[in-house]
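Here's the structure we're looking at; comments come further down.
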2 protein chains.
Amino acid sequence: MARNKVNYALIEDASKRKVSCNKRLKGLLKNFDELKTLCDVEVATIIYGPYRNEPYTFPNNDVVRNTFIKFKELPTLERSKHMVTREEFTMQRIKKLEEQLQKVRKEIGSRK
Amino acid sequence: MARNKVNYALIEDASKRKVSCNKRLKGLLKNFDELKTLCDVEVATIIYGPYRNEPYTFPNNDVVRNTFIKFKELPTLERSKHMVTREEFTMQRIKKLEEQLQKVRKEIGSRK
DNA sequence: GTCTCTATATATAAAAG
DNA sequence: TCTTTTATATATAGAGA
């Protein structure tokens, strides 16, 4: 994806593959996080990587379990809307930091 | 992400949110597809969007079903060991933003 | 292995049609 | 709305420490 365009096929070199895998996993989790935050989409993911036996889950085990139950049973579960206090808090924090960054960067830009 | 940087918060405008949601879903599925192909990672995802009753699944319903069953059978302890919780993820994000802020502020300081 | 850097590919917000 | 286009932000392959 950068420097060189990558072939749409298994990366043969094992160490390159591992590095790529970790970078892409990170990117994927960010995408999920943003989709959930910006667009209010409910996601549940299990990822089995080749480098550990236990899977990665997102956003967390409970949600994954609940989403699966919902998926299996199809009748819509009424979901609690009152369990995001901490998440809201950290979200605000991130927003604020990003605004500060923007501001400071703009200040730099105007001096160049 | 383009033209303008987007705030890390729910997109208030409903039609913008929908457009963004669809674009991001598309991107996310592409990411999954590439991770699976390039790095031989097994993934299972359920995504409930606000615009249809049926969830999106990747790679397909059967794999999702099987993967989640497999996940359910893991002992709880093993499961939580490598869980990527959303909280952890946001903490990392905050840390990174703070580092950037520090760096940029230092740059400003050195010019004054 | 693990971080950082950075050039390039890609994703995507907003505009235009 | 939806598609297509474009400008910008972001992700990431490869390199170097």
Side-chain angles (χ1 to χ4, degrees), chain A residues 1-41 43 45 47 49-52 56 58 94-95 97-110 112, chain B residues 1-41 43 45 47 49-52 56 58 82 84 88-107 110:
Chain A
M1 249 185 214
R3 293 291 172 106
N4 284 3
K5 192 179 186 316
V6 73
N7 267 347
Y8 184 70
L10 184 73
I11 297 170
E12 296 292 346
D13 184 304
S15 65
K16 278 189 188 176
R17 188 164 69 244
K18 184 175 186 182
V19 170
S20 186
C21 181
N22 288 330
K23 285 182 180 177
R24 282 166 179 274
L25 273 173
K26 192 179 142 213
L28 201 59
L29 292 177
K30 192 180 181 223
N31 282 171
F32 263 124
D33 186 57
E34 288 187 354
L35 186 63
K36 188 174 158 64
T37 302
L38 304 184
C39 305
D40 194 29
V41 167
V43 299
T45 313
I47 302 173
Y51 307 112
R52 47 174 45 154
Y56 298 87
F58 186 87
I94 285 172
K95 195 179 162 189
L97 279 166
E98 280 181 340
E99 281 166 3
Q100 286 178 290
L101 244 189
Q102 279 293 93
K103 203 171 167 183
V104 173
R105 282 192 168 136
K106 204 171 280 178
E107 198 183 332
I108 282 191
S110 68
K112 280 181 177 166
Chain B
M1 251 184 212
R3 293 291 172 109
N4 283 4
K5 192 179 184 320
V6 73
N7 265 348
Y8 184 70
L10 183 74
I11 297 170
E12 297 293 344
D13 184 305
S15 64
K16 278 190 187 176
R17 187 164 71 245
K18 185 175 183 182
V19 170
S20 186
C21 180
N22 287 331
K23 285 183 181 178
R24 282 166 178 276
L25 274 174
K26 190 181 144 209
L28 199 61
L29 292 179
K30 194 184 179 219
N31 282 171
F32 262 124
D33 186 55
E34 287 187 353
L35 185 62
K36 192 174 155 64
T37 303
L38 304 184
C39 304
D40 193 28
V41 167
V43 299
T45 314
I47 303 174
Y51 309 112
R52 25 159 23 199
Y56 297 85
F58 182 86
H82 291 300
V84 186
E88 244 172 62
F89 185 75
T90 48
M91 288 309 284
Q92 282 170 14
R93 185 164 180 172
I94 285 171
K95 194 178 160 195
K96 197 172 176 183
L97 278 166
E98 281 176 340
E99 282 167 2
Q100 286 179 292
L101 244 188
Q102 280 293 89
K103 203 171 169 182
V104 173
R105 281 193 167 133
K106 203 170 283 177
E107 197 181 334
S110 68

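Within the model, atoms CG of B/Asn7 and NZ of B/Lys5 stand 7.5 Å from one another, a figure rounded to the nearest 0.5 Å. Between B/Leu10 atom CG and A/Thr37 atom OG1 the span is 9.0 Å, to the nearest 0.5 Å.
Nearest nucleotide to the side chain of B/Lys18, out of C/dT10, D/dC2, C/dT12: D/dC2. The nucleotide whose nearest atom lies closest to any side-chain atom of B/Arg3 is, among D/dA7, C/dT10, D/dA13, D/dA7.
B/Asp33 has its CG atom 19 Å from the P atom of D/dA11, to the nearest Å. One atom, CG of B/Asn31, and another, P of D/dA11, lie 10 Å apart when rounded to the nearest Å. To the nearest angstrom, P of D/dA11 lies 14 Å from NZ of B/Lys30. The CG-P distance, from A/Leu10 to D/dA13, rounds to 13 Å in whole Å. A straight line from CZ of B/Arg24 to P of C/dA11 spans 12 Å, rounded to a whole angstrom. Between A/Leu35 atom CG and C/dA13 atom P there is a gap of 11 Å when expressed in whole angstrom units. Distance CD (B/Glu34) to C1' (C/dA11): 11 Å, rounded to an integer number of Å. As a whole-Å value, the separation of A/Asn22 CG from D/dA11 P is 16 Å.
Residue A/Val19 is the one, among B/Gly27 and A/Val19, whose nearest nucleotide of DNA chain C lies closer to the 5' end (criterion: closest heavy atom).
Using a 4.0 Å heavy-atom cutoff across all strands shown, A/Lys23 reaches at least one base atom of the nucleic acid. Among the protein residues, A/Ser15 comes within range of no part of the nucleic acid, since none of its heavy atoms lies under 4.0 Å from any strand.
Closest approach of A/Arg17 and A/Ile11 over heavy atoms only: NH1-O, 2.6 Å.
Using a 4.0 Å cut-off, no side-chain N or O of B/Asn4 falls inside it from OP1 or OP2 of C/dA13. Taking side-chain N and O atoms only, B/Lys26 has no distance below 4.0 Å to OP1 or OP2 of C/dA11. Using a 4.0 Å cut-off, no side-chain N or O of A/Lys16 falls inside it from OP1 or OP2 of D/dA13. Distances shorter than 4.0 Å separate none of the side-chain N or O atoms of B/Lys5 from OP1 or OP2 on D/dT8.
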Query raised in the report: Can you list the steps and then say if A/Ile47 with A/Phe58 is a side chain to side chain contact (heavy atoms under 4.5 Å, CB included)?
Result: CA-CA 9 Å; A/Ile47 302 173; A/Phe58 186 87; over 6 Å; no
Query raised in the report: What do the steps show when you test B/Thr45 against B/Leu28 for side chain to side chain contact (heavy atoms under 4.5 Å, CB included), and what is the final call?
Result: CA-CA 10 Å; B/Thr45 314; B/Leu28 199 61; 5.9 Å; no
